[in-house]
Amino acid sequence: MAKIKIAIAGVGNCASSLVQGLEFYRRGNGDEHAGLMHPDVGGWGATDIQVVCAFDIDRRKVGLPVEKAIFEKPNCTTVFQRALPVSDVMVRMGPVLDGIADHMGDYEDDRAFRAADQEPEDVAQALRDTGAEVLVCYLPVGSEQAVKHYAQACLDAGVAMVNCVPVFIATDPDWANRFRQAGVPIVGDDIKSQVGATIVHRQLTRLFGDRGVSIDRTYQLNTGGNTDFLNMLQHSRLKSKKKSKTQSVTSQLDVPIDSNNIHIGPSDYVPWQNDNKVAFIRMEGRGFGDVPMEMEVRLSVQDSPNSAGVVIDAIRCAKLGLERGVGGPLEAPSAYYMKSPPVQMRDSMARELTNAFIAGGTAKAATPQAGDGHAADVSVPAAAPKTALILAAGMGSRLFPNASLPKPLVPVAGITLGERIVTALRSSLGIERFVVSLGHEADMVRSYFNSLTQRLGIAPMTFVAGDDWAKGNGASTLAAAEALAGEPFILTMCDHLYDAGLPLTLAGNAPAAGGMVLAVDRDKSEIFDMDDVMKVRLNDAAITEISKELDQWDAADTGVMYCTDGLFDGLRRAAAEGRHGLADGLRELAKEGRATVCDVTGNWWLDVDTPEALAIAESRLRGALRNIA
């Protein structure tokens, strides 16, 4: 697999740690995966990144090879990989604009920036000439004009951007739309560290909330001795940084607190600390009986390596976005890796959604093509339905033979089946209305989905329940007839997981009036449970028979279909004869030529109906396995 070609804007301490890390892991020093959040992202390892272009404005760095420039003053980060391969990548002169704070001139040369007396190069042209695919922006805090200059160059050159600084690009609606229109992905804004002050403060905030402790007051004070802290002595440059760090923490609060009771931000520059950042976090709250409690935490880290472990993931996610033709902010990776993403969410959820993105399911994702693992440029069809029916009535007796946990509440890699289905359909098709057919533990399932809608910020769901749901999934489907009268819809089983590309492909094959279209997989070699899979016999695209007992068959039922309310005609006829399976209704429609298929071969899907299937789904969604059907 070809390496990801990156450009770096700002060859400072963070760039030094990143470049050192690429060689450190290439040499296999220490534990092969120690310090890596994702050893593998889309097939790219930690060493599958190549620096092909770099920009800076400091006279000690411009004109030097990158592998030498990263060790020049005023850089002061830890050197953990001194020996680096020789390259022909010279640091180019970038635009100064507002990149140097006025007070830098008051400090000694070894501590401050010193601008080179050269004309800046054309950034966009340099990106084109070097074949850069992703630009990592490491400019100083407060460099509003300079960061926007590089962002525009990315748009002009078609290069993805990882914005590590608190200049709001991905979170600005106008900039986000410009990246979206250009088909260029961006991960932003303002990088989180692996275990830094912000992520620790966020986790403590959630801990207090989850354990029922009200937060009254909190602060986070930070000191350091690198150029980042020196730069932020100019308070006019600090505004965006304080905003970014503060909103990152307050986004985790269940109940907002007065702005006078929260203070988060860099506090002072201590030269002898160099790249050592020390954070002091204090939290005051009230627990049971309104009894006060206090917590104080001191965290000491090497600042730049702490961020490089995150950037190395963000680069690979940005490249995935390019491969899949996704333009604009990558919401899940941005939420996981950045302090100020377009959509704030809990870190646990952001992690799972990022893993899903890496595994292949993504908002606005293109459809994977069979055999190549990549994606075609496919947008949501204009006629795609905006309603989905989720069959959530089953008991899950095969999945949990000794328990009664309803299937929608079964966790798979930290996220329930119910949530995975909802987010997959929202991300792929923009589904706006969900109808949920209940049965086993109906009240519990209804309560869960109500909670889910509030957390995800979506419209309240419609719930239906048939008295005869236990007879079969056809009865559960028929219970939704009134709620879905006259409306096209996607029907999905609650225990079938799939990539976002599957419903996206299906939605491009609208059923004829009074008919339905079933998503099928023709690749029998990848079927997990051959005995239990619903088998489909075809005549071209027409269904001629559907049953688990077929000896001769052409494709497997994936558990997802695009329907009109004609589906209920077949279900009623089957029910009148005492047959209550969904397949029974499809069989009736097939007799009249109203049941057809859409080939979704190449998209990942899995019927999570047994402990073995659950284990496979866990492995897949945690990134350990790929291409499992």
Nearest 0.5 Å please: distance from the CG atom of Leu330 over to the CE atom of Met338. 10.0 Å
May I ask you to say whether Arg202 pairs ionically with Asp347, meaning some side-chain N is under 4.0 Å from a carboxylate O? yes
What distance do Leu230 atom CG and Phe113 atom CZ have between them, rounded to the nearest 0.5 Å? 7.5 Å
Should we count NZ of Lys243 as having more than 12 external heavy atoms under 6.0 Å? no
Between Arg620 and Asp499, is there a salt bridge with N-O shorter than 4.0 Å? yes
Which pairs count as ring pair (Phe, Tyr, Trp, His ring centres under 6.0 Å) when at least one residue sits in residues 157-200, sequence neighbours excluded? none
Atom NZ of residue position Lys386 - does it have more than 12 heavy atoms of other residues, nucleotides or ligands inside 6.0 Å? yes
When you check the gap from the basic side-chain N to the acidic O, do Glu121 and Arg92 get nearer than 4.0 Å? yes
Heavy-atom closest contact (Pro74 atom, Arg60 atom, distance): CD-NH2, 3.5 Å
Yes or no on side chain to side chain donor-acceptor pair (under 3.5 Å) for Ser248 and His201, after CA distance, side-chain angles and deciding distance? CA-CA 9 Å; Ser248 184; His201 207 164; over 6 Å; no
Rounded to the nearest 0.5 Å, how far apart are OG1 of Thr354 and CG of Asp313? 9.0 Å
When you measure from the side chain of Arg282 to the backbone N and O of Tyr219, does any donor-acceptor pair fall under 3.5 Å? no
Does the pair Arg433/Glu487 count as a salt bridge with the N-to-O cut at 4.0 Å? yes
Would you say that more than 12 heavy atoms from the other residues, nucleotides or ligands in this model lie under 6.0 Å from the NZ of Lys3, or not? yes
Does atom CG of Asp174 have more than 12 heavy-atom neighbours from other groups under 6.0 Å away? yes
What distance do Glu432 atom CD and Ile458 atom CD1 have between them, rounded to the nearest 0.5 Å? 11.0 Å
Please confirm whether the backbone N or O of Lys5 pairs with a side-chain atom of Glu133, one donor and one acceptor, at under 3.5 Å? yes
Under 6.0 Å between ring centres, would you say that holds for Tyr150 and Phe55? yes
Let me confirm one number: the CD1-CD1 distance from Ile281 to Ile264, rounded to the nearest 0.5 Å. 8.5 Å
With Lys241 via salt bridge (Lys or Arg N to Asp or Glu O under 4.0 Å) - residues at least two apart: Asp190
How long is the gap from CG on Asp58 to CG on Asn75, to the nearest 0.5 Å? 8.5 Å
When you check the side-chain N and O atoms of Asn226 and Asn13, is any donor under 3.5 Å from an acceptor? no
